[in-house]
Amino acid sequence: MQRVRESKRTRLARALNVGLLAAAIMGTASTVTVAGVLVFLLSILTRFDPRLAVEQPLLLGLLLGAGAGLVRRDQDTPPSAALGLGAALAVAWFAWAGFDPFGMGPAASHWSLLGVGGASFAAAHLTRYSLRDIELVGLRRDRLEMLVLRLLRGAGFVFFLSIVVFPFYFMVVSSLKPRAEFLRDPTLLNIDFSRGFSELLVGYREVLVRFDFANYILNSTLVALATVIITLTLAILGAYAVTRLRFPGRETLSRSILLIYMFPAIVLVVPLYSLFTQVGLRDTLQGLLIVYPATTIPVALYMLRSYFQTLPADLEEAGLIDGCTRGGVIWRITLPLALPAIASVGLYVFMIAWNEFLFAFMFLDSPALFTLPRGMVNLNSQEVPRQYLMAGAVIVTLPVMVLFFWFERYLVGGLTAGSVKG
């Protein structure tokens with residue numbers, strides 16, 4: 001009997017040790033992640049160059065995770081306990097680092113204190129969140145796998161977010177630097193807000209006024225919007241025709257929609273250049289409005305055709321029975337149901353027309369007609385400061401990002417759920 005009790009105690013102690021080790025690992029990952037983000041933010045918000053000893057968040061994160069595992073109740077660490085652990089972590093971190101945890105000197109002590117405090121509380125709550133709904137005592141294999149998946153998901157999110165955000169951030173920071181600072185240290189990642197916004201935005205004013213980027217924005221906007229309207233109009237009608245109508249050659253047309261993409265753009269640009277020169281369409285925006293829809297309609301038609309095939313034909317037949325014309329059915333039934341697909345295709349076409357360079361470079365010669373990608377060539381010169389080039393790149397990239405986030409609500413979900421009963 002005594003051996004059985006000892007065996008149970010041994011298994012319980014082993015299970016508790018495994019659970020605390022798992023909690024310590026999650027605490028370490030949380031603390032290191034938060035510390036890295038903190039150093040990055042301090043490099044942006046201050047003029048100092050922060051440094052961080054890696055062993056501090058590593059060891060303190062181990063203690064934080066173990067503490068969070070010991071004070072759990074009902075498979076969760078109480079918020080008050082997380083606050084207490086965060087406060088203890090902040091005091092230990094600040095004292096261990098000799099009251100200068102980021103090596104920024106006494107002039108930045110207020111930033112160090114604020115940063116360590118915020119990072120400690122964030123790390124404590126992130127550890128609490130990562131351990132939620134998992135019983136650490138008697139940690140089974142499925143729960144251990146869940147912890148590993150959470151750790152990998154967090155690491156993957158931080159990694160991919162970093163490689164996506166960092167190039168754009170570096171571009172923005174470089175565009176806000178004065179020329180002397182950019183030449184002295186182009187890798188410095190902080191922004192000197194003490195110069196004032198008027199001085200920070202000198203590069204953007206020069207690009208928009210001196211290099212006529214305001215006119216390039218207008219040209220690109222007109223070309224991109226016109227391309228979207230032409231492409232969507234023809235692609236919607238074409239996709240509906242090959243999906244709903246019956247006519248000779250329908251299957252052949254459906255299979256040959258993307259044949260144009262067998263030919264690289266560089267192969268098409270030479271004969272088009274010769275043809276447009278002869279008919280007077282070279283060095284005109286109208287020439288681009290012929291080429292851009294011709295290259296975007298096939299893929300738009302293909303994408304919309306695939307979506308139209310998923311729409312219930314019963315609704316359209318009901319509309320025809322109720323007296324709607326074919327055009328009325330498309331306008332009142334098909335288009336509202338296909339709004340997510342139309343929004344995504346429209347955004348895709350807009351991005352192609354907004355960023356297209358090859359045809360604009362070959363066909364446009366007059367600076368008054370340049371689009372943004374064509375105008376960027378004027379900034380790629382030894383006489384032009386590099387921060388002006390970065391400012392131009394931000395101007396080219398920002399509208400597409402804003403449109404993407406604005407259209408995101410249309411890109412998720414299907415509007416056909418529940419539209420047909422029975």
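Heavy-atom basis, side chains included; hydrogens, waters and symmetry copies ignored.
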- For Trp96, does the CH2 atom have more than 12 heavy-atom neighbours from other residues, nucleotides or ligands under 6.0 Å away?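 Result for CH2/Trp96: enclosed.
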- Item | Over 12 non-hydrogen atoms of neighbours within 6.0 angstrom of OH in Tyr302 | no
Under 3.5 Å, is there a donor-acceptor pair between the side chain of [X] and the main chain of [Y]?
X      : Y      : result
Trp93  : Ala88  : no
Ser344 : Ala341 : yes
Arg128 : Ala82  : no
Arg132 : Tyr129 : yes
Asn219 : Thr371 : no
Glu356 : Ala360 : yes
Arg205 : Ser198 : yes
Thr284 : Leu281 : yes
Ser130 : Thr127 : yes
Ser274 : Val270 : no

Contact between [X] and [Y] at the side-chain level, heavy atoms closer than 4.5 Å - yes or no?
X      : Y      : answer
Phe121 : Leu89  : no
Leu335 : Leu339 : no
Leu311 : Arg244 : yes
Ile266 : Val269 : yes
Val299 : Met303 : yes
Pro373 : Ser220 : yes
Leu288 : Leu364 : yes
Met351 : Leu403 : no

Show the atom names and distances, to 0.1 Å, of all donor-acceptor pairs under 3.5 Å that link a side chain in residues 162-174 to residues at least two apart or in another chain.
unit_1, atom_1, unit_2, atom_2, d
Ser162, OG, Val158, O, 2.6
Tyr169, OH, Leu189, O, 2.4
Ser174, OG, Phe170, O, 2.8

Rounded to the nearest 0.5 Å, how far does [atom2] of [Y] lie from [atom1] of [X]?
X      : Y      : atom1 : atom2 : answer
Ile236 : Leu301 : CD1   : CG    : 10.0 Å
Ile333 : Leu315 : CD1   : CG    : 6.0 Å
Phe370 : Leu372 : CZ    : CG    : 12.0 Å
Trp406 : Leu347 : CH2   : CG    : 11.0 Å
Leu176 : Leu200 : CG    : CG    : 5.5 Å
Leu222 : Thr227 : CG    : OG1   : 10.5 Å

Shortest non-hydrogen contact from [X] toward [Y]:
X      : Y      : value
Arg150 : Leu131 : NH1-C, 3.9 Å
Ala300 : Thr231 : CB-CG2, 3.7 Å
Thr310 : Ser306 : CG2-O, 3.6 Å

- Just say parallel, tilted or perpendicular for the rings of Tyr292 and Phe359, cut-offs at 30° and 60°.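 Perpendicular: the ring planes of Tyr292 and Phe359 meet at over 60°.
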Residues [X] and [Y]: side-chain donor-acceptor under 3.5 angstrom:
X      : Y      : result
Ser366 : Asp283 : yes
Tyr204 : Gln387 : no
Tyr240 : Arg326 : yes

- Message: Looking at Phe308, I'd like to know if the NZ or CZ of Arg305 sits under 6.0 Å from its six-membered ring centre while staying within 45 degrees of the ring's axis.
- Response: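 No, Arg305 and Phe308 do not form such a contact.
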- Sole candidate of Asn378, Val207, Val396 that passes side chain to side chain contact (heavy atoms under 4.5 Å, CB included) when paired with Tyr216: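 Single side chain to side chain contact (heavy atoms under 4.5 Å, CB included) partner of Tyr216 among Asn378, Val207, Val396: Asn378.
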